[in-house]
Visitor: 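Please see the structure below; I have some questions.
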2 protein chains.
Amino acid sequence: MSQTRGRGRRADALSKDVVVRAAVDLLDEHGERGFTFKLLTERLQTGAGAVYWHVANKDELVLLATDKVIGDALAALRPEPGADAETRLRTLLLTMYDALDQHFWAAPHVVAGSAMPNAMLLLERVGSLIAETALPARRHFAAATALFLYLVGVTAQDSAHAKTVEPGVSRDELLGQEAARWAALDPATFPFVTRVAAELGDHSDRDQFITGVDLFLDGLRAHG
Amino acid sequence: MSQTRGRGRRADALSKDVVVRAAVDLLDEHGERGFTFKLLTERLQTGAGAVYWHVANKDELVLLATDKVIGDALAALRPEPGADAETRLRTLLLTMYDALDQHFWAAPHVVAGSAMPNAMLLLERVGSLIAETALPARRHFAAATALFLYLVGVTAQDSAHAKTVEPGVSRDELLGQEAARWAALDPATFPFVTRVAAELGDHSDRDQFITGVDLFLDGLRAHG
DNA sequence: ACCTGAACACCGTTCAAGT
DNA sequence: ACCTGAACACCGTTCAAGT
């Protein structure tokens, strides 16, 4: 994998890809806040200047790392022969949900723009599958971007939650505490929230995400 | 408004609310990146320690500022006598969309948790309106949170776009450039994106948001 | 072309001291 | 209780110098 081209170069030559891969790992380990150039140069056994030779700055590096996460998830997707468009759309969205859930720092940076080729490819897939639907063509753009935004928005929200979790406290514990706080609110001003507080306790973000997608797909079908 | 209690105190006494208000203004002016304690203490004519007396740290301050934005938008809402639940739901969501669009730094920080009382109140309103719908009660929780997440997610995405805009370049210009880049992609690998590129050029984020909401509401009705 | 590492400017936070 | 402002630790970025 590591090629030694040139003489004064290090044996395991640095490259944009090596830098980005290290960034993804460190972001996974320390989050966006804890991800520093100090950590990065230590892991890569190099100086700050070396990193800046391969990427413009930290912002670009995080962007590249985000796009890589999406690219890897897309590459891992297995085809589903015989499945209809809606089924494949659900699989695609769930796969991306899991990837963005795992790399919890990434979602807020996902933008469907030419600066992120893999995010672009993701929008393309969503759009193609929407186009296979019975939905009239003039609604394809709005439907595809809405679903794309829903995916990214929900995962970004979930990751905001994940950031709050202190080490030592489990996610379920925290949800339980929050549910208790909801239940303890004044039912006069919070009739709805107090009523559904219990559902928050034993709810799964992932299931909730699918439910939202299904409601959306129902809406599309109703437009048939 | 400004009370002089105590002797050694400044005439225009600091308070949590004054600090948060100044934070909102500075965040509007400089974005989250440009918002520093140096700027804040200059505007408030005080030292860093004074701010830390009223808020725990910068994170809490941004959170308080975010919740204030939501609170102000909720307070500005006018009742719509005679309108049905769906209409009022759309009004509510659009009002919040506009508020989060104006304060472009806020959306990524919105979380429906007890730490953000006004965000909590927003979820309550969404949920109450959903509950007025014909939707069966067991779906209320999922539907309300999905809509809430869609609102926050979309506005967070839009704000990510807004951050990219360099001063001097208008938003329409930038959209046009991006649309051109979409159109220039290889139609073989990007059949969908190249096809809808033109729609990106003359699309409105706000209209697209409503379209998404409507598709969602259609889904709810289909479940009747 | 690619890498090193010291130097710079800046930023969030703390804290001893004041009223 | 509330405020001041200097001091500290840290961080992203630059750059002259090396191969």
Side-chain angles (χ1 to χ4, degrees), chain A residues 1-27 29-66 105 109 163-164 166, chain B residues 1-27 29-66 105 109 163-164 166:
Chain A
M1 221 32 100
S2 69
Q3 61 227 47
T4 322
R5 37 171 192 167
R7 314 119 300 164
R9 226 77 93 262
R10 7 183 316 157
D12 54 337
L14 234 47
S15 72
K16 203 168 182 164
D17 196 60
V18 169
V19 172
V20 172
R21 210 192 317 271
V24 171
D25 290 344
L26 287 170
L27 282 162
E29 293 166 30
H30 301 95
E32 191 164 355
R33 258 297 169 73
F35 171 59
T36 65
F37 271 74
K38 186 162 186 291
L39 241 37
L40 184 61
T41 49
E42 273 167 10
R43 170 120 351 152
L44 292 173
Q45 298 267 55
T46 185
V51 174
Y52 279 91
W53 177 259
H54 293 284
V55 300
N57 50 42
K58 198 188 179 186
D59 283 345
E60 199 204 49
L61 183 49
V62 172
L63 190 144
L64 289 168
T66 302
W105 46 270
H109 300 281
K163 252 186 290 187
T164 319
E166 295 133 73
Chain B
M1 221 31 100
S2 67
Q3 61 228 52
T4 321
R5 35 171 194 168
R7 316 117 299 165
R9 224 76 95 263
R10 10 182 314 159
D12 53 337
L14 235 45
S15 70
K16 202 167 184 164
D17 196 60
V18 169
V19 172
V20 171
R21 211 194 316 270
V24 170
D25 289 344
L26 287 169
L27 282 161
E29 292 168 30
H30 301 96
E32 191 164 355
R33 257 296 169 72
F35 170 60
T36 66
F37 271 73
K38 185 161 185 291
L39 241 37
L40 184 62
T41 50
E42 273 167 10
R43 170 116 357 149
L44 292 173
Q45 299 267 54
T46 185
V51 175
Y52 279 91
W53 176 260
H54 293 284
V55 300
N57 51 41
K58 199 188 179 187
D59 283 346
E60 200 204 47
L61 183 49
V62 172
L63 191 142
L64 290 168
T66 302
W105 46 271
H109 300 281
K163 252 187 290 189
T164 320
E166 295 133 74

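Proteins get letters first, then strands, A, B, ... in listed order; numbering begins at 1 in each. Heavy-atom basis, side chains included; hydrogens, waters and symmetry copies ignored.
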Visitor: Taking the side chain of His54(B) as its heavy atoms from C-beta onward, which of dC3(D), dG12(D), dC2(C) lies nearest to it?
Guide: dC3(D)

Visitor: Rounded to whole angstrom units, what separation is found between the CG atom of Leu39(A) and the P atom of dA9(D)?
Guide: 19 Å

Visitor: Tell which nucleotide pairs with dG5(C), taking only Watson-Crick or G-U wobble pairs whose two distances are both under 3.5 angstrom.
Guide: dC15(D)

Visitor: Does the side chain of Trp53(A) get closer than 4.0 angstrom to OP1 or OP2 of dC2(C) through an N or O atom?
Guide: yes

Visitor: Which nucleotide, if any, forms a Watson-Crick or G-U wobble pair with dC10(D), using both distances under 3.5 Å?
Guide: none

Visitor: How close do Ala22(B) and Leu44(B) get, counting heavy atoms only, and between which atoms?
Guide: CB-CD2, 3.8 Å

Visitor: Without decimals, in angstroms, what is the distance between Lys16(B) NZ and dC3(D) P?
Guide: 14 Å

Visitor: Would you mind reading off the distance between Leu40(B) atom CG and dG12(C) atom P, rounded to a whole angstrom?
Guide: 10 Å

Visitor: If you only use heavy atoms from C-beta on, which nucleotide in dG12(D), dA6(D), dG12(C) is closest to the side chain of Thr36(A)?
Guide: dG12(D)

Visitor: Separation of Glu42(B) atom CD from dC11(C) atom C1', in whole Å?
Guide: 13 Å

Visitor: Measure across Leu27(B) and Ala65(B) and return the closest heavy-atom pair with its distance rounded to 0.1 Å.
Guide: CD1-CB, 3.9 Å

Visitor: Dump the intermediate steps for side-chain contact (heavy atoms from CB on, under 4.5 Å) on Leu64(B) and His54(B), then the final yes or no.
Guide: CA-CA 11 Å; Leu64(B) 290 168; His54(B) 293 284; over 6 Å; no

Visitor: Quick check on DNA chain C: between Lys58(B) and Ala50(B), whose nearest nucleotide comes earlier from the 5' end?
Guide: Lys58(B)

Visitor: Calculate the interatomic distance between Asp59(A) atom CG and dC11(D) atom C1'; express it in whole Å.
Guide: 14 Å

Visitor: Going by heavy atoms in the side chains, are Tyr52(A) and Leu61(A) under 4.5 Å from each other?
Guide: no

Visitor: Whole-Å distance between dG12(C) C1' and Glu32(B) CD?
Guide: 14 Å

Visitor: Do NZ/NE/NH1/NH2 and the carboxylate oxygens of Arg21(B) and Asp17(B) come within less than 4.0 Å?
Guide: yes

Visitor: Between dG12(C) atom P and Tyr52(B) atom OH, what is the distance in whole Å?
Guide: 7 Å

Visitor: Take the protein atom CZ of Arg33(A) and the nucleotide atom P of dG12(D), then report the distance between them rounded to whole Å.
Guide: 11 Å

Visitor: What's the closest nucleotide to the side chain of Lys38(A) if the choices are dC11(D), dT13(D), dC3(D)?
Guide: dC11(D)

